[in-house]
J.: 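What follows is a single structure, and I will ask about it in a moment.
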Protein chains: 2
Amino acid sequence: MRIGEAAETTGVSSKRIRYYEQIGLIKQAARTDSGYRDYDASDIHTLDFIKRARELGFSIDETSTLLELWGDQNATSLEVRDLARSHIEAMRDKIRQLQSMVDTLQQLVSDCDGGSRSECPILRDLEHAPARKGATR
Amino acid sequence: MRIGEAAETTGVSSKRIRYYEQIGLIKQAARTDSGYRDYDASDIHTLDFIKRARELGFSIDETSTLLELWGDQNATSLEVRDLARSHIEAMRDKIRQLQSMVDTLQQLVSDCDGGSRSECPILRDLEHAPARKGATR
DNA sequence: CCTTGACCTTCCCATAGTGGGAAGGTGTAG
DNA sequence: CTACACCTTCCCACTATGGGAAGGTCAAGG
């Protein structure tokens, strides 16, 4: 099947498929006589795998590792689990960071009565916040 | 004061300060005779403001708007509040998305006993997940 | 047989922020 | 005068992806 159908089938755009090939995440696609990329069921399976990994937030690098583990008969579940765990931790860190921003900002918004600019607690915070102590990043 | 000291004082790296100037977030810095950028207290105040806005997760574009509102005597607190609110909503969306990934992945990790690769529930999910129905993105 | 339109190809550009580093000028302390 | 820390501009890299141009291919219909 050609790239358009592969894209439609897997939900991975043609652009992305070509990109994944270019960076070596997937192997070079077979070509028809006229130079069109040609995908078989196994390629689709791989693209499905990649799509799912990306949906779970794995980076392309991590996805690449997962693909290797997937194809390696000697690999153990442990390696996959460890990768997943550290990825979970990274996402949890990100969530904490975002949540902290949301909390602070929500407080400021709650304090805001929509009055004159000069009384805006949000601007007052931005102006005077002790940026050098509890920085979020 | 020169850019290095400004960077040290505000916690915004020299690289970033130059970038902010280049994209027009801050005005062109004054220059010494020899061409060095020269910052005064007001510039530092602005950089502090920017730093804090960035810490609260505002994009540079949003930060630019905030700077305008900050400097506009006719602006009202309402405009700032609305910007903050929509930013909060965007961050909450992001959090929900990440949390959903974490939840799914945590479940898979919990099901994983670290045994052989062929029994790895994480790889099984990646292989067989119904990617076309409840996609996270 | 030729045209049309949907597909495909490669190639370059843009995005959002930031860091790294090269090549070269400046300012100051010893 | 030299050494060294600082500054300048300029270009490249990163993460992933989309947009679009210029041109080739294939199938259907006139």
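Reminder, nothing fancy here: chain letters follow the sequence lines and each chain counts from 1. What you are looking at is a predicted structure, and each value in this text was computed from that prediction instead of being measured.
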J.: Hey, does B:Ser14 reach any base, or is it just sugar-phosphate, or nothing, if we go heavy atoms under 4.0 Å?
T.: nothing
J.: Identify which nucleotide among C:dG17, C:dG19, C:dC8 has an atom closest to any side-chain atom of B:Arg54, counting heavy atoms from C-beta outward.
T.: C:dG17
J.: If only atom types and distance count, is the side chain of A:Ser100 paired as donor or acceptor with the main-chain N or O of A:Arg96 below 3.5 Å?
T.: no
J.: May I ask you to verify whether the side chain of B:Lys15 and the base of C:dG21 hold a donor-acceptor pair under 3.5 Å?
T.: yes
J.: How many Å lie between CD1 on A:Ile3 and C1' on C:dT10, as a whole number?
T.: 12 Å
J.: Is a donor on one side and an acceptor on the other found under 3.5 Å between the side chain of A:His87 and the backbone of A:Leu56?
T.: yes
J.: Assess the side chains of A:Asp111 and A:Gln107: does a donor N or O sit below 3.5 Å from an acceptor N or O?
T.: yes
J.: Within the side chain of A:Ser64, is there an N or O that forms a donor-acceptor pair under 3.5 Å with the backbone of A:Ile60?
T.: no
J.: Please work out which residues in residues 18-37 of chain B have a non-hydrogen atom less than 4.0 Å from an atom of DNA chain D and list them by number.
T.: B:Arg18, B:Arg31, B:Gly35, B:Tyr36, B:Arg37
J.: To the nearest Å, how far apart are A:Tyr39 OH and C:dC7 C1'?
T.: 14 Å
J.: How many Å lie between CD1 on A:Ile17 and P on C:dC7, as a whole number?
T.: 15 Å
J.: To the nearest Å, give me how far apart CD (A:Glu5) and P (D:dT25) are.
T.: 21 Å
J.: CG of B:Asp61 versus P of C:dA16: gap in Å, rounded?
T.: 7 Å
J.: Just how far, in rounded Å, is P of D:dC7 from CE of B:Met1?
T.: 12 Å
J.: Anything under 30° is parallel, anything over 60° is perpendicular, the rest tilted; go ahead and classify A:Trp70 against A:His45.
T.: perpendicular
J.: A:Arg92 and A:Gln97: side-chain donor and acceptor closer than 3.5 Å?
T.: no
J.: Would you mind reading off the distance between B:Glu62 atom CD and C:dG17 atom C1', rounded to a whole angstrom?
T.: 14 Å
J.: To the nearest Å, how far apart are B:Arg16 CZ and C:dG20 P?
T.: 11 Å
J.: Output yes when a side-chain donor or acceptor of B:Asp38 lies under 3.5 Å from a complementary backbone atom of B:Arg31, and no otherwise.
T.: no
J.: Give a yes/no answer on whether the side chain of A:Ser13 brings an N or O atom under 4.0 Å of OP1 or OP2 in D:dG18.
T.: yes
